[in-house]
Peer 1: 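Got a structure for you, questions after.
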Amino acid sequence: MASETVENCSSHDPLLDFDSSDLSSGVKSDEYLELQFRVFRLAFLLTIFSVGIAGFFWGIQAGASLFIGALSGIFYFRLLARGIGRLGTSSKIVGKVQLLVPVLLVLVSSRFPQLDLIPALLGFLLYKPALIIQFLSMP
């Protein structure tokens, strides 16, 4: 009788049903990974488009600086997404390692005269329009 009651509770209460919560978290994890890939793909497309425009209008140096900045922005976003993905499983806070990426970008662009700071910073921010476009296109 008691085991039947426990079985009934576990089949109706989603908090006690561990199998469905694992399945649900697995589905949410897959959706999160799919969302990340869509944002990365859109960020790469925006990077290619922006580097082409910058290279055509302002020269190869500005295009290269924009490209380096965009790659560092995508890397920053990847580190941030990885930290967010770990929330609740192995960590309770988002790490701050990703904050080193813009600092290193500024240091590298100030150290090397081949890189321009303003196009590099604009390139770094290219992941944000990708995020905005992705969330506006979601149903």
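This structure is a prediction, so every number in the text was calculated from the model and none was measured.
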Peer 1: Would a single hydrophobic cluster contain both Val39 and Phe49, if residues Ile, Leu, Val, Met, Phe, Trp and Tyr are joined by side-chain heavy-atom contacts under 4.5 Å?
Peer 2: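 Different clusters.
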Peer 1: Taking the side chain as every heavy atom from C-beta outward, state whether Pro119 and Trp58 have any pair of such atoms under 4.5 Å apart.
Peer 2: no
Peer 1: Just how far is it from atom CG of Leu71 to atom CZ of Phe44, taken to the nearest 0.5 Å?
Peer 2: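 Answer rounded to 0.5 Å: 6.5 Å.
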Peer 1: Please report the interatomic distance CG(Asp116) to CG(Leu66), rounded to the nearest 0.5 Å.
Peer 2: 10.5 Å
Peer 1: Would you mind listing every salt bridge (charged side-chain N to carboxylate O under 4.0 Å, His left out) that reaches into residues 32-55, with sequence neighbours excluded?
Peer 2: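 Pairs touching residues 32-55 that pass the test: Glu34-Arg38.
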Peer 1: Check ring pair (Phe, Tyr, Trp, His ring centres under 6.0 Å) between Phe77 and all other residues, then give those that pass, not counting sequence neighbours.
Peer 2: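 Testing Phe77 for ring pair (Phe, Tyr, Trp, His ring centres under 6.0 Å), a comparison that skips the adjacent residues, returns Phe40, Tyr127.
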Peer 1: Between Val106 and Phe112, is there shared hydrophobic-cluster membership here, with clusters defined by ILVMFWY side-chain heavy atoms closer than 4.5 Å?
Peer 2: yes
Peer 1: Looking only at heavy atoms, what is the nearest atom pair of Gln61 and Leu115, with distance?
Peer 2: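 Closest heavy-atom pair between Gln61 and Leu115: NE2-N, 4.1 Å.
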Peer 1: Does Val108 belong to the same Ile/Leu/Val/Met/Phe/Trp/Tyr cluster as Leu122, with side-chain heavy atoms less than 4.5 Å apart forming each link?
Peer 2: yes
Peer 1: For Ala81 and Tyr32, which heavy atoms make the closest approach, and how far apart are they?
Peer 2: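 Nearest heavy atoms, Ala81 then Tyr32: O-OH, 2.9 Å.
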Peer 1: Spell out, yes or no, whether Leu100 and Phe124 are grouped together once hydrophobic residues are joined by side-chain heavy atoms under 4.5 Å, including indirect joins.
Peer 2: no
Peer 1: Could you measure the distance from the CG atom of Leu121 to the CG atom of Leu117? Nearest 0.5 Å is fine.
Peer 2: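 Going from CG on Leu121 over to CG on Leu117, the span is 4.5 Å.
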Peer 1: Which pair of non-hydrogen atoms, one from Gly63 and one from Ala54, has the smallest distance, and what is that distance?
Peer 2: CA-CB, 4.1 Å
Peer 1: If you draw a 6.0 Å radius around CD1 in Ile60, do more than 12 non-hydrogen atoms from other residues or ligands fall strictly inside?
Peer 2: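 No, CD1 of Ile60 has 12 or fewer neighbouring heavy atoms, counting only those of other groups under 6.0 Å.
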Peer 1: Can you measure from CG (Leu131) to CG (Leu136) and round to the nearest 0.5 angstrom?
Peer 2: 10.5 Å
Peer 1: Would you please name every residue forming a side chain to side chain contact (heavy atoms under 4.5 Å, CB included) with Ile133, sequence neighbours left out?
Peer 2: Leu42, Leu46
Peer 1: Under 3.5 Å, is there a donor-acceptor pair between the Arg78 and Gln36 side chains?
Peer 2: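 Result is yes, a qualifying pair exists.
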Peer 1: Rounded to the nearest 0.5 Å, how far does CG of Leu79 lie from CD1 of Ile84?
Peer 2: 11.0 Å
Peer 1: Taking Ser110 for its side chain and Leu107 for its backbone only, find out whether a donor-acceptor pair lies under 3.5 Å.
Peer 2: yes
Peer 1: Identify the two heavy atoms, one from Val101 and one from Ser72, that lie closest to each other, and give their separation to 0.1 Å.
Peer 2: CG1-O, 3.2 Å
Peer 1: Out of curiosity, does Leu125 fall in the hydrophobic cluster containing Phe67 (side-chain heavy atoms, cut-off under 4.5 Å, transitive links)?
Peer 2: yes
Peer 1: Ignoring hydrogens, what is the shortest heavy-atom contact between Ala120 and Leu105? Give both atom names and the distance.
Peer 2: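 It is O-CD2, 3.6 Å.
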Peer 1: Please round to the nearest 0.5 Å and tell me the distance separating atom CG of Leu35 and atom CG of Asp30.
Peer 2: 12.5 Å
